Amino acid sequence: LADQALAIATEQQGPGSPKALEAALELGLTHQAAGHAELAESRLREFVAAWNQRSPSSPEAIVGMNCLGDLLLRQGRLDEAATLLKDAEQRGLGVLPEAAALRPRGSVAELVKQQALSAARAGRSSEATTLFGDAAGRFEALLADERRLLGPAPLDVGRTRANFAPGLWP
């Protein structure tokens, strides 16, 4: 169905139209949910490249970069993910609504945590300690902003901690 939506949008409005690009993003996310990482990556890269060419500071470009970065992060491709996620985080400042900017910030915090785990596994304890401290600081700042934006409900904060950083807090 998503393939058909992309074909129709591309045929009717052109390959670089916002509708065609939206369909490419949805198709990438659909492939990701179905476990088709290569197809998801291809569609997400297509979406990001088109929006970076069209309007690099647009919310669409930032969201696409974050989605692709998250996919790469889940695959353990930390260096590639870092480039996209940190760029999305920086571009999102002042562009995305404050609540929407939480997602790129959470993705970068997760990236730093994964980099810390990688350093620890490689025996680079000093680097791992520094990275864990950075990740913890990022998660704490994220939680503080989430509390300010969404309210201090303990269950919401607990869920956020579990979602953003399982195993980092007791």
Side-chain angles (χ1 to χ4, degrees), residues 1-115 117 135 138-139 141-143 145-146 149-151 153 155-166:
L1 189 58
D3 285 308
Q4 289 174 325
L6 177 58
I8 291 168
T10 300
E11 181 181 317
Q12 290 179 348
Q13 299 185 11
S17 71
K19 284 284 186 198
L21 293 175
E22 182 181 328
L25 175 64
E26 290 301 320
L27 184 56
L29 295 174
T30 300
H31 282 305
Q32 182 178 346
H36 306 136
E38 286 181 27
L39 293 171
E41 182 179 345
S42 174
R43 290 299 182 194
L44 291 173
R45 283 193 186 280
E46 175 185 321
F47 179 85
V48 169
W51 272 109
N52 276 335
Q53 183 176 2
R54 183 184 190 103
S55 179
S57 61
S58 68
E60 293 85 355
I62 296 163
V63 167
M65 291 171 64
N66 201 80
C67 289
L68 178 57
D70 281 344
L71 174 70
L72 297 172
L73 183 60
R74 282 190 211 102
Q75 293 175 343
R77 295 161 62 185
L78 301 184
D79 291 340
E80 291 175 85
T83 300
L84 286 161
L85 293 173
K86 289 179 179 180
D87 194 10
E89 179 186 40
Q90 287 304 308
R91 288 189 200 185
L93 298 174
V95 173
L96 295 177
E98 196 173 10
L102 292 174
R103 181 166 181 206
R105 289 178 53 210
S107 294
V108 171
E110 179 63 27
L111 166 71
V112 175
K113 182 185 102 177
Q114 291 300 321
Q115 290 172 326
L117 291 170
R138 287 174 182 270
F139 282 119
L142 184 66
L143 287 170
D145 287 345
E146 182 182 70
L149 292 168
L150 305 176
L155 291 177
D156 291 338
V157 172
R159 266 195 297 276
T160 300
R161 284 185 170 179
N163 291 341
F164 282 126

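Only a predicted model underlies this, so the values are computations on that prediction, with no experimental measurement involved.
- Proximity of a side-chain donor or acceptor of S55 to a complementary backbone N or O of W51 within less than 3.5 Å is not detected.
- Using a 4.5 Å heavy-atom cutoff, the side chains of R105 and V108 are not in contact.
- Of all the heavy atoms in L111 and A81, the pair that sits closest is CD1-CB, 4.4 Å.
- Side-chain contact between R43 and L25: absent, with no pair of heavy atoms (C-beta onward) separated by less than 4.5 Å.
- Heavy-atom minimum distance, Q115 versus A82: NE2-CB, 3.9 Å.
- No side-chain heavy atom of E22 sits less than 4.5 Å from a side-chain heavy atom of F47.
- In this structure L39 satisfies the side-chain contact (heavy atoms from CB on, under 4.5 Å) test together with H31, H36, sequence neighbours excluded.
- Side-chain contact between E89 and I62 is absent, with no heavy atoms from C-beta onward closer than 4.5 Å.
- Taking the side-chain contact (heavy atoms from CB on, under 4.5 Å) definition, one finds that S42 meets it with nothing, sequence neighbours left out.
- The nearest pair of heavy atoms linking G28 to A40 is O-CB, 3.3 Å.
- Atom CD of residue E38 and atom CD of residue Q75 lie 8.5 Å apart, to the nearest 0.5 angstrom.
- Considering only heavy atoms from C-beta on, Q90 comes within 4.5 Å of L93 through its side chain.
- The heavy-atom pair separating R138 from V112 by the smallest distance is NE-CG2, 3.8 Å.
- With contacts defined as side-chain heavy-atom distances shorter than 4.5 Å, the pair L85/P104 does not qualify.
- Residues that satisfy the side-chain hydrogen bond (donor to acceptor under 3.5 Å, both in side chains) test with D70, not counting sequence neighbours, are N66, R103, S107.
- Legend: residues meeting salt bridge (charged side-chain N to carboxylate O under 4.0 Å, His left out) with R91, ordered by chain and number and at least two apart, are D87.
- Taking A100 as the reference, L96, P97 meet the side-chain contact (heavy atoms from CB on, under 4.5 Å) condition, with sequence neighbours excluded.
- Not counting sequence neighbours, the partners of L68 by the side-chain contact (heavy atoms from CB on, under 4.5 Å) test are E41, L44, R45, V48, L71, L72, L84.
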